[in-house]
Structure formats: structure tokens, C-alpha cells
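These values consider heavy atoms only, across backbone and side chains, with no hydrogens, waters or symmetry-generated copies. Counting starts at 1 for both ligands and their atoms, in listed order. The chain is numbered in sequence order, starting from 1.
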Amino acid sequence: MPHNERVTALTQGEAVDVLVAAALRHAGSATADGADDLVARARRWGPDLEAGVRAVFEPAVADVLVARLAEIVVGGWVDRPQALRDRDRDRLLTPDWFQRPDAQGYVAYADRFAGTLEGVATHIDYLRELGTTYLHLMPLLRPRAGANDGGYAVADYRDVRSDLGTMADLEALASALHDSGIALTIDLVLNHVAREHPWAQAARRGEAHYRDYFLLFPDRTVPDEFERTLPEVFPDFAPGNFTWDDDVDGWVWTTFNDYQWDLNWANPDVVCEFADLTLFLANRGVDCLRLDAIAFLWKRMGTDSQNQPEVHGLTRALRAVARIAAPSLVFKAEAIVGPADVVKYLGVGDYAGHVSDLAYHNSLMVQIWSALATRDARLLVRALEKFPPKPTTTAWATYLRCHDDIGWAIDDTDAWQVGWNGPAHRAFLSEWYVGRAPGSFARGEEFQVNEATGDSRISGSAASLVGIEQALQVGDVPMLHRAVARLHCAYAMVYGFGGIPLLYMGDELALLNDATYLDEPEHAEDNRWMHRPRMPWDVAARRHDSSTLEGLVFAMVRHLGDVRRSLPSLHASVESVPVETTNPALVAVLRRHAAGDLVQLYNVSEDWQRCDPRVLGSLRDRELVEHLSGDVPRTEDWQLVLPPYAAVWLAAR
Ligand code: GLC
């Protein structure tokens, strides 16, 4: 059936009836307070739930699945605490809360930040000081014992890591955060579970029902067929995508580590499990689910088994489940994929605004590092120019670095268009950021060198990668100032882009690489731990002392947030569009907004640069105000003059 017809049929389809009927059954019961809201939302989003399901499953399977999801939705709503229903109502009045210029993120491991979940609550003041309105606590659901990929191998989604606390502690923390205006994000690992998860244990015991939750093969025939087109995520410590398991007596699909078993999302039971888990976590007070490794959910022979269209159908159905039962919940897609693919996670075409609300802007991150190394922003500008617009109700999560490595996701054609060779440029960036290239300011390390392709990725803290570590080592004060200015320039791009800027714990204090991971057996072989430090609260205690490095950087980051919050033009509903500058060391970005245009200029080099004032567009010949430093760039010979690593946010007075 052509797509359009299918959608028309669906809007009058049975999903709404099934859902509404399920909702109405509860409307007469004692728990029915607010059931009319549930019915209204079922009418509004039921068609979406059905469209998502039917995009993936054949009609007979879809019919049953829709009815099962309807029961899960109503069950989730019945369990929803009143305080969270109130939160739903408030969020529905401000559905753009995560797009607003005051939305600002902080990302940390609960244990490394504050020991336990209770500990996190004692540092809410610190988060507020930075302007945080959104806290992502890294994996905290109960992982397998031993190696667990930083918690991304979950053994129980309904329990919290015992050293961090209990589910009740998580609920208490969520509520304390809410009282302080902070939304809570946690990870929902969709692609795989730990080999020790009860589903995997049952599969290993031979239970057919649970064997179907996974992708198991009796011999190498099918795995070998798939391997012909599959990349390797961890070629170094987990080569290949399949692992032999004696208990299942077969090969298990394991995209990541051998103990992370990929789930079979073509099985409707798996869809129901995750619909239920989504609402279970929402009902604990979680505001945003980071959909881990979402790009990998659907496997297709002859492809790289990433970004398959079914992924978006599945997300649409899960998103509708949440919208009906727990509408204050939002989704953030962790899809570290190319520009054309990544916007699909925010929704393209019929899916626009119907899948995830947030997605990581990996390209911006990679391009900032590329520009800082080369002092040449042309590739960054080229990549941004090509970026398709996102739906106006969604937002990017922007970041300078995260808990993972930096992979050089640079398009060969883009590189060629600015006169560079893609593979050579990627190799250069790796050399630069491990500090081997002549003149490098960086102190990172290589992660996952792929012998076959020559690719390698980079680990290292932001401060070490921008040159602060090197400057401190050699004791060179001007060099240190340059490195701090580089960090400021980079973070200004992250804060100025529009969307939620994510501050990774430690960047606000310029924390350097942490070598102690080498002493921890379950971390030692994964050098991503060098940029996942423990919070040194003694260092943080100096954050208000402007004569210290941490004081300087803390004030700098805080100021970026303060200014950002004051600018309506940074609302994520409008795009950041790059403007041609004719000077390769400069980035110019225009944000057109009803509240007034904002033009941003960045100098990615340590030299003074000149810029054609035509980049100012509609702001030219207006009286200007510069929001970050208060200094409007001066003009010399009809050219704007920009100091080293300038970050300038200009608007009309
Ligand atoms: C995501 C996480 C990464 C993890 C992987 C597998 O990419 O960010 O840390 O290794 O998923 O769960």
C-alpha cells in the first residue's frame, strides 16, 4: 500500500479505538482522576503509535502488538504518581522547555561526581551555580558484575547499581532535582543487554521464548554473510560482531563487547518489554531517556545494519507510548552517524517531530576539533552548510567532548571540496591530538586503532586536548592563556549553537587526563576512562578564586551560560546557518530569529584576523552590542578585526 494511503487509513484506524477503550475502562475506576486527559492523549497520539508499529510489522502482527501496547500505556498511566502527572501538565504548557536558551546540560557519573545518588542531591547547588537545568547521570541501572562497558551492559533495568543506592533513592533524587528546576536524564540501552540479564540467562537455559529475544546462529554461515558489510565498533578489544556461546550452543550477535548481547527488535515481545521499561523509568521521575546506540537496533543483510528505516518506526511507537502515558518524558537519540542519517532521528518527512526530541550533534563536535588543529574553519563551515534543517520542535544536544572517544566522522567529499584528502586529514587529526604532529598543543591518546582501515579515534579530556596540559607541563604562561582562550572559543560555539549545550563534568574546572584508570582492572584496557575523572571537590572549592586556573575556567563557562540564557535568539526552533567569511580562520554563524538576528564570529587561530563586514548581514550599519565580552570588534580599513580565539555574539542594540 502506498505510504500516504496507509497513513490516511491509520488515522481512522483501530489503534485509537483500542487505546481509548482501554483508557475508558479505567475512567470508571477509582484511579480514574485525570482519565479524560489520558483519553484525549490516546486520541491525539494513538494514530502515531499505530503508524510506528505498522511501519515495522506485517498487519496481523501489528494488530496484536498495538493492542498489547495499549494495555501497557494504560497500565503505565495508572501507575503514574500524582506529582508526575502534575509535571506532565506543566510540561505540556511549555513543550519547548528543552529548546529554550535557559536549557543547559551537565553530564556526570553519579559515583565519580558524588559517590552515590544521595550524594548527587547534596551537590545540586553546584549544578545550579553553573546554570544546569538538565542533568544526565551516566549509566546507573544495575550492570553485570566485572567489565560492563561503563554500565552499558545492563543486567537489570528495574534496579539501581547497588553502590549508588536504590530505586527509591533515584526517585528521591529526581524529585529533589525537579524542585530545583533540573530535569533528569538517564540511559536506556536499547540495542543490547548484559549476558547476565535474566532474558539472556533464560536464553542460555534454552527457553525458546527468550532465545527469540536475541540473534542466535547455529554456525558461521549467516554471521559470515553479515560480516561482509558490518563495521567493527571496538576492533581492538572486541573484534567481529558475533560471539560463540557454549550455553546457547551458537553464535550470538554482539555488536559491542562479547558480553553485550544484541536484542532482536523484530520480536514484538522485545518492543513490549521496552515500552514497559520506558514507562517504568518515566514513573520514577526520569524526564529524558538517552536512547543508547539506537542506530544499531535493526539488522539488514547486505548493509552496515545501522540507521535502518525500521528504527524510526520503532521509535515513533515508543515515543507515542510515552506521549500518552507520561507526556513530560522526552527522548534523546544517541546516534553517532552522518548528517543525513542523524536528522532522521529528529524526524524527516512524515516522521518530523514524531521520533526523538534531542539528538547529539556529533559533526559539530568533530569539526570544532578539526578547525582548532588546522586553524582552518572551512571544513566546519562546509559540513554545517550541508546539514539538513531539523524539525522546529526538536533540538540538538551540542558538546565539545563526551565520555566516549572522538571518531573523525569527516566526509571525504567535504574534505575534497576544501582541497583536502579525507583519509589523510583524519590521520593528521589523530596524530595532532595524540601530540605527535609537529607543533601540536594536544595531549590525547589513540583509541581503537583499526589495523585494516588505518582509522583511529581519540581519548583525552577537553583541557588536555586544547593544550592546557602541555602549557602546565612546560610552565609557559602565554601558552596557557592561549589554551584557555581556545577552550573558551570552542565552548562558545557549543553554547551558541542553539539546543542544549552539554557540559561534561570536569571541563568547567579544566580537569586534565586522569591516568588512575590504569590501576583499575576493569577499566585499564579502555582508555576512554582517562577522560572520565572523579570530581576533585578540593579543586572545585577554588572555583571562585579567579587567580586559579579552575577559577578562571569556571567563571568563563558560567558566563557563557548566563549570556546564553539572556538571548531569545538562541531558542532551538531556529537554525544556526554558516555565513561565508572569505577568511579560512573564521567561522561566522547567523541565527535569524523574530526577536532579532544574532551573528556569531569565531577565530579558530592564535593570530589576529580580519573579516569582511558583509558577514554582519542585516546587522551591518546598525548600532551593535556584543554579548560575551561587551566589546564590539573594531574596524580597520573597512575590515572587522578579531583577536586570537575571539568568540563574538553580535546583535543590534
Ligand atoms: C554508546 C555509549 C558507549 C557504549 C556504547 C555501547 O555509544 O556512549 O559508551 O560503549 O553505546 O552501549
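Looking at His403 next to ligand 1, an N or O pair under 3.5 Å apart turns up.
At least one heavy atom of Arg290 sits less than 4.0 Å from an atom of ligand 1.
Taking every heavy atom of Phe234 and a limit of under 4.0 angstrom, the matching atoms of ligand 1 come to 10 (O). Here is the list of ligand 1 atoms found below 4.0 Å of a heavy atom in Phe256: 5 (C), 6 (C). In the vicinity of His192, heavy-atom distances shorter than 4.0 Å reach the ligand 1 atoms 6 (C), 12 (O). Close contacts between ligand 1 and Asp404 involve ligand atoms 2 (C), 3 (C), 7 (O), 8 (O), 9 (O) [criterion: under 4.0 Å to a heavy atom]. Within ligand 1, the atoms closer than 4.0 Å to a non-hydrogen atom of Arg528 are 3 (C), 9 (O), 10 (O), numbered from 1 in the order shown.
Between Asp276 and Arg158 there is a salt bridge, with a side-chain nitrogen of the basic residue lying less than 4.0 Å from a carboxylate oxygen of the acidic one. Between Arg426 and Asp412 there is a salt bridge, with a side-chain nitrogen of the basic residue lying less than 4.0 Å from a carboxylate oxygen of the acidic one.
At the shortest separation from atom 7 (O) of ligand 1 among protein heavy atoms lies Glu334 OE2, 2.8 Å. Nearest protein neighbour of atom 12 (O) of ligand 1, counting heavy atoms only, is Asp292 OD2, 2.8 Å.
Remark: aromatic rings of Tyr399 and Tyr360 are close, center separation under 6.0 Å.
Side chains of Arg144 and Tyr259: a donor-acceptor N/O pair is absent below 3.5 angstrom, by distance only. Judged by distance alone, the side chains of Tyr351 and Arg319 never bring a donor and an acceptor atom under 3.5 Å apart.
Closest heavy-atom approach to atom 6 (C) of ligand 1 within the set Asn191, Thr255, Asn257, Asp149: this belongs to Asp149.
Atoms OG1 and CG, from Thr185 and Asp287 in turn, are 7.0 Å apart once rounded to the nearest 0.5 Å.
In this pair, Phe256 and Phe296 present their aromatic rings perpendicular. The plane angle is above 60°, beyond the 30 to 60° band.
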